There are 2 protein chains.
Amino acid sequence: MLEIRHLKTLHALRESDSLVEAAERLHLTQSALSHQFKELEERMGMPLFVRKTKPVRFTSGGLRLLQLADAMLPLMRAAERDITRLVGGTAGRLHMAIECHSCFQWLMPTIDQFRDAWPEVELDLASGFAFAPLPALARGDLDLVVTSDPQEIAGLTYVPLFTYEAMLAVANQHPLASKPFIVPEDLSTEILITYPVERDRLDIFTRFLEPADVEPAHVRTSELTVMMMQLVASGRGVCGMPHWALHEYSSRGYVQAKRLGEKGLFATLYAAVRTDMLDVPYMRDFLLTAKDTSFSTLDGVSAVR
Amino acid sequence: MLEIRHLKTLHALRESDSLVEAAERLHLTQSALSHQFKELEERMGMPLFVRKTKPVRFTSGGLRLLQLADAMLPLMRAAERDITRLVGGTAGRLHMAIECHSCFQWLMPTIDQFRDAWPEVELDLASGFAFAPLPALARGDLDLVVTSDPQEIAGLTYVPLFTYEAMLAVANQHPLASKPFIVPEDLSTEILITYPVERDRLDIFTRFLEPADVEPAHVRTSELTVMMMQLVASGRGVCGMPHWALHEYSSRGYVQAKRLGEKGLFATLYAAVRTDMLDVPYMRDFLLTAKDTSFSTLDGVSAVR
DNA sequence: TGACTCCATGAGTAAACTTGATGATAAACG
DNA sequence: CGTTTATCATCAAGTTTACTCATGGAGTCA
């Protein structure tokens, strides 16, 4: 019924002052526009503009359609631009979400490096995701999700980034420091320090304490890793942390890193992307950079991949 | 390039699970959709959905276009509905603005009556207009403006509603009560009570005091006419008011209504509408009702029309 | 009045769209 | 494991649509 073409014509007509001028602007003949309006007005059942005046004047119906055009044409242009950039693959959008809080510091170098290499790509990073990020990825609201819990969703591909061991940071003189590894019950009398996020996003709860039905004596939160390390070092609590994040502190003897459970608590981080995005150059590059960064981050820290 | 039809097709394809089903939904053949997609994907330079899967899966490009469809299709439907209602003329929109503050009480009965008669018309009344209402009317953002200052704007018609005399309410025992009429200088020692609006929207300033360069001793404001009358009656100020608004009080000897200037201060109120809206049934009716109401409001109050 | 501008109209044409039939491919089924 | 069924692509043909070209009427300005 109503078509984009009509809106474009109306828009051009308002910008110019007559049908002829509007026709030129649209690279059409005046006759074409005349026909177009005739038919459109027939379909709408009302005139859309007054012809004899200069500049042209719109009727109420015409004005309403112009409102529509003003709303729709920019949307269209934006979408077409996005598609073009997507095809080109050197520009586009990369909206990320990360489920794992402690990955921030690991992801940041990757992002910085990427931003330099692909200045045309619009970067966005959301961490505190209210909604489930993987469906949002499938829906197209996101472009990449860093997760340790890959779910089988059609159209999504999971690219493994690296495997890390979650460990417990304790003060050097702490009683637990002498144990070969930590068991859940050890924490029932401890103060546990975590990032200020929901429990079900912290491996130490979901995969260590909760299966054993153990609750720490107290839980306190901190935004910054440095701050957490200070608290731990001064014996005011313990905290779970990826071994690579801990390495900087444990290798200097600032705190001790203890294994969680006899066999350790390992997790693999994946980058989830829509499968067809794997072909897009900037996406390939981001994934490669992310892997590289993770290797170098892990380098000399652990053999775990 | 990109057209509504394409968005509708994509939308239908997401709702159904295959091309055939989408085709049915759109009352088209499967072949039609196949052709349509082939061409669209060619134009876009990328596939938009994965065919072999069930339900169909969209590529990133397809998802982006679906986002666009989700934004645009509702806008279109709303616009088309508005146009239909505009043509029918028994339903539609009537967004008003009034420039003259004291017209509220006069307009309200008209609006009430109108609402009963045309329940399908979406009424909206704005008084404190930040922007100029007449250009907004011409632009299509408003549908009716009550003004006493008609400006020649192409496409607008001014329907005179009635002429009224602005008068000054003073206490019975007030010194000014004995004068045959008021001159601007009389107010230089008086407390003037006004509605709490900008000065340039009050005739007593723009057409009486300011031309004579006279400032009242003090200006205080009040929201309610009743309250203003009480203040005036108890000798705590004077106030300018349309004679019809004053009549209720002056005819009972509560206050005195004095002429402003030897010849009186008259103003005509107009309803400004876009000319083509004069044909719309509900608009005709509103204007007639408004005139009627103004006649009956004036009835027995004054012969001024 | 004549030149000019603007818009409407009719006819012709090329392109786009649709249709229905047919074929290829892949999944579902006995 | 062959058969059935469903889905999508392709083809040829008919139809519609949207444009251009050519022409004419109406209004405007010297």
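All of these numbers come straight from a predicted model, not from anything done at the bench.
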(message) B/Arg57: which residues meet the side-chain contact (heavy atoms from CB on, under 4.5 Å) condition with it, sequence neighbours left out?
(response) A/Ala154, B/Val50, B/Thr53
(message) Nearest whole Å is fine: how far is D/dT20 P from A/His27 NE2?
(response) 12 Å
Taking only distance into account, with no hydrogens and no angle test, what donor-acceptor pairs under 3.5 Å do side-chain atoms of residues 88-97 of chain B form with protein atoms, sequence neighbours excluded?
residue : atom : partner  : partner atom : Å
B/Arg93 : NE   : B/Asp143 : OD2          : 2.9
B/Arg93 : NH2  : B/Gly140 : O            : 3.0
B/Arg93 : NH2  : B/Asp143 : OD1          : 2.9
B/Arg93 : NH2  : B/Asp143 : OD2          : 3.2
B/His95 : NE2  : B/Glu122 : OE2          : 3.0

(request) Please say whether the positively charged group of A/Arg207, taken as NZ for Lys or CZ for Arg, lies over the ring of A/Phe205, i.e. under 6.0 angstrom from the six-membered ring centre and within 45 degrees of the axis. (result) no
(message) Looking at B/Tyr158 and B/Gln151, would you say the former's side chain and the latter's main chain have a donor-acceptor pair under 3.5 Å?
(response) yes
(message) Between the side chains of B/Glu21 and B/Arg14, is the shortest nitrogen-to-carboxylate-oxygen separation below 4.0 Å, so that they form an ion pair?
(response) no
(request) To the nearest 10°, let me know how far the axis at one end of the helix from C/dT1-D/dA30 to C/dG30-D/dC1 is tilted from the axis at the other, five pairs an end. (result) 30°
(request) For A/Leu33, answer base if it contacts any base atom (sugar-phosphate contacts may also be present), sugar-phosphate if it contacts only those atoms, and nothing otherwise; contact means non-hydrogen atoms under 4.0 Å. (result) nothing
(request) Specify the separation, in whole Å, of atom CD of B/Glu24 and atom P of D/dA6. (result) 12 Å
(message) Ignoring hydrogens and geometry beyond distance, is a side-chain donor-acceptor pair present between A/Thr275 and A/Thr157 at under 3.5 Å?
(response) yes
(request) Starting from C1' on C/dG10, measure out to CD on A/Glu39 and report it in whole angstrom. (result) 16 Å
(message) By the definition side-chain hydrogen bond (donor to acceptor under 3.5 Å, both in side chains), identify the one residue from B/Thr147, B/Thr163, B/Asp149 that meets it with B/Thr268.
(response) B/Thr163
(request) Would you confirm whether B/Arg51, through its side chain, and B/Ser18, through its main-chain N or O, come within 3.5 Å as a donor-acceptor pair? (result) no
(request) State plainly whether the residues A/Glu42 and A/Lys38 are in salt-bridge range, i.e. N to O under 4.0 Å. (result) no
(request) Answer yes or no for A/Arg284 and A/Tyr282: cation-pi contact, defined as NZ/CZ to six-membered ring centre under 6.0 Å and angle to ring axis within 45°. (result) no
(request) List in chain and number order the residues that pass side-chain hydrogen bond (donor to acceptor under 3.5 Å, both in side chains) with B/Gln30, two or more places apart in sequence or in another chain; answer none if no residue qualifies. (result) none
(request) Could you state the atom-to-atom distance from CD of B/Glu42 to P of C/dC17 in whole Å? (result) 12 Å
(request) Find the distance A/Arg57:CZ to C/dC6:C1' and express it as a whole number of Å. (result) 16 Å
(request) Could you state the atom-to-atom distance from CD of B/Glu3 to P of C/dA16 in whole Å? (result) 11 Å
Polar-atom pairs under 3.5 Å, protein N or O versus N or O of nucleotides 13-15 of chain C: list them with distances, or write none.
none

(request) Mark up nucleotides 8-14 of chain D, 5' to 3', with B wherever a protein heavy atom is under 4.0 angstrom from a base atom, S wherever such an atom reaches only the sugar-phosphate, and - elsewhere. (result) BBBB---
